[in-house]
Amino acid sequence: MCEQIDLEETATHTGPKGVINDWRRFKLESMEQENLPPAKRELLRQMSSPHRKKDDSRANLNRKMSVQEYEMLKEEDEGCLKKYRKRCMQEMHDKLSFGPKFEGVHDLDSGEAFLEVIEKEHHSTVVVVHIYKIGVKGCEELNNCLNCLATEYPTVKFCRIDAVSSGAAERFSDEVLPTLLVYKAGELLGNFLACTQHLNEEFFATDVEAFLNSYGLLPEKEMPMMDDEEENDVE
């Protein structure tokens, strides 16, 4: 005998009926119900039916939207629909975004931390490591640029480590700093010694971004989610 499938669970986000049912739940959750009249609050509860009996699952999911529900949607749903649409877009975006997300530039305090971030990071994550030394020309500017790029590329792990802390101060002398190393799945993809020699005397985050992109080292930039004002402009 085939195992019975829970229609209530499978309906969410699937097909027109599932979308309507999901919308009803969202409507109930997003409205400030304490400010609603009792009759309207009860109607919302029936629309969502979060605690309905299993016996009523099929009937509730298959029923058409009532006239009362439709009138309620007409009354006050423009703002709520935008929130619902934004939530659905965010859920889809999250499902299509693979690998972890990061915030800011990560400071590495030792050679062991340096090796760990290279060897143990997610296989799909690009790791950009800046080896610097305080007082060396271009290092501070490059750090500032990476701070900006970290907000633009949350799926890239940007790191920095002082040449002395790395345990390889002899290899990374002042002449080869700042150095940018780029890894993915433990493999070295880019090794740029004295990387600022490839940039103008005065450079910005966009210049560093273009330099890395010229070698195909950065993933496609994520499109930001539109806020309500931008949506209104599009409409």
Any side-chain heavy-atom pair of S173 and K133 under 4.5 Å: no

State yes or no: do F172 and V129 share one hydrophobic cluster built from I, L, V, M, F, W and Y residues joined by side-chain heavy-atom distances below 4.5 Å, directly or via other members? yes

Less than 4.5 Å apart, side chain to side chain, heavy atoms only: is that true for Y132 and L180? no

Heavy atoms, side chains only, cut-off 4.5 Å: are C159 and H130 in contact? no

Any idea which heavy atoms bring L218 and N213 closest together, and the distance? CB-OD1, 3.3 Å

Locate the shortest heavy-atom distance separating R171 from V176; write the atom from each residue and the value. O-CG2, 3.9 Å

For A210, the side chain to side chain contact (heavy atoms under 4.5 Å, CB included) test, sequence neighbours excluded, returns none

So if you build clusters from Ile, Leu, Val, Met, Phe, Trp, Tyr with side-chain heavy-atom gaps below 4.5 Å, do L142 and V156 land together? yes

Tell me every residue that passes side-chain hydrogen bond (donor to acceptor under 3.5 Å, both in side chains) with N144, counting only those two or more places apart in sequence or in another chain. none

Under 3.5 Å, sequence neighbours excluded: what are the donor-acceptor pairs made by side chains of residues 189-204?
residue: Q197; atom: NE2; partner: L193; partner atom: O; Å: 3.3
residue: Q197; atom: NE2; partner: A194; partner atom: O; Å: 3.4
residue: E201; atom: OE2; partner: K137; partner atom: NZ; Å: 2.6

Contact check, side chains of T155 and K101, non-hydrogen atoms, under 4.5 Å: yes

Could you walk me through whether L181 and F114 pass the side chain to side chain contact (heavy atoms under 4.5 Å, CB included) test, one step at a time? CA-CA 11 Å; L181 304 177; F114 174 73; 3.9 Å; yes

Review item, side-chain donor-acceptor pairs of residues 160-170, under 3.5 Å, at least two apart:
residue: R160; atom: NE; partner: D107; partner atom: OD1; Å: 2.7
residue: R160; atom: NH1; partner: N147; partner atom: OD1; Å: 3.3
residue: D162; atom: OD1; partner: V164; partner atom: N; Å: 2.8
residue: S166; atom: OG; partner: A163; partner atom: O; Å: 2.5
residue: S166; atom: OG; partner: A168; partner atom: N; Å: 3.2

Pairing residues for L149 by the side chain to side chain contact (heavy atoms under 4.5 Å, CB included) criterion, not counting sequence neighbours: L146, Y153, F158, A205, V208, E209

Could you tell me whether I134 atom CD1 has more than 12 heavy atoms of other residues or ligands within 6.0 Å of it? no

Classify the ring geometry of H106 against F102: parallel below 30°, tilted from 30° to 60°, perpendicular beyond 60°. perpendicular

Between atom NE2 of H122 and atom NZ of K157, what is the distance when rounded to the nearest 0.5 Å? 12.5 Å

Should V117 and L108 count as side-chain neighbours, where that means a heavy-atom distance under 4.5 Å? yes

Please examine the side chains of L188 and V182, heavy atoms only from C-beta on, and report whether any two atoms are closer than 4.5 Å. no

Consider only side-chain heavy atoms of I, L, V, M, F, W and Y, link residues closer than 4.5 Å, and tell whether V126 and V105 are in one cluster. yes

In chain order, what residues pass the side-chain hydrogen bond (donor to acceptor under 3.5 Å, both in side chains) check against D207, with sequence neighbours excluded? none

